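A short write-up of the structure that comes next.
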Amino acid sequence: MSIMKILKYPDPRLRTVAEVVTKFDKSLDNLSKDMLETMYAENGIGLAATQVDFHIRLVVIDISEERDEPLIFVNPIVKVLDNKSLVPCEEGCLSIPGASVEVTRPDKIQLNWLDVKGNEHEDNPQGLLAVCIQHEIDHLQGKLLVDYLSPLKRARLKSKATK
Ligand code: NI
């Protein structure tokens, strides 16, 4: 396993839309393990493949206090079950160090995904896990936390990031 380099905003590669995973081989398994190691090394709770310059639909998450509940999501798809139950949350991002942005997202979602072997799974995550998975799926679409800011605040953050 090895720690990977995380792309930092405003690197244009963070805007790449990720491809659907179709090969469930050893390299997918290895990449997800390296991503978990990288996420733990950086004290993050989630990491999308996009952030380590692999443009496939792969996300790793661990929201546990003990940092011992690694989750891997391949081709995750979120379906909003109730678009009136919105919850605001202060979110950070390993690709935008120091930034904290309040984002309001649906709390009642259905999540479908595959594991690294290609088996199908479904769950209805809530709370922090629901927030985190939606944040990571944004990455797979090339979308970043800064996109939720007003143009003025985004310009300020960008000038700070490029200094
Ligand atoms: Ni992020």
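Any value given below was found using the heavy atoms of this structure, including those in side chains, with hydrogens, waters and symmetry copies removed. Counting starts at 1 for both ligands and their atoms, in listed order. All figures in this text were calculated on a predicted structure; none of them were measured in a lab.
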Contacts of Pro151 that satisfy side chain to side chain contact (heavy atoms under 4.5 Å, CB included) - sequence neighbours left out: Arg154
Heteroatoms of the protein, restricted to N/O/S, which lie under 2.8 Å from the Ni ion (ligand 1): Cys93 SG, His135 NE2, His139 NE2
Distance under 6.0 Å and angle within 45° of ring axis: Lys143 vs Tyr148: yes
Return yes if some donor-acceptor pair links the side-chain N/O of Glu37 with the main-chain N/O of Ser2 below 3.5 Å, else return no. yes
Listed by chain and number, what are the side chain to side chain contact (heavy atoms under 4.5 Å, CB included) partners of Lys158, not counting sequence neighbours? Tyr9, Pro10
Which residues share a side chain to side chain contact (heavy atoms under 4.5 Å, CB included) with Glu65, sequence neighbours left out: none
Carboxylate-amine/guanidinium contact Lys117 Asp115, below 4.0 Å: no
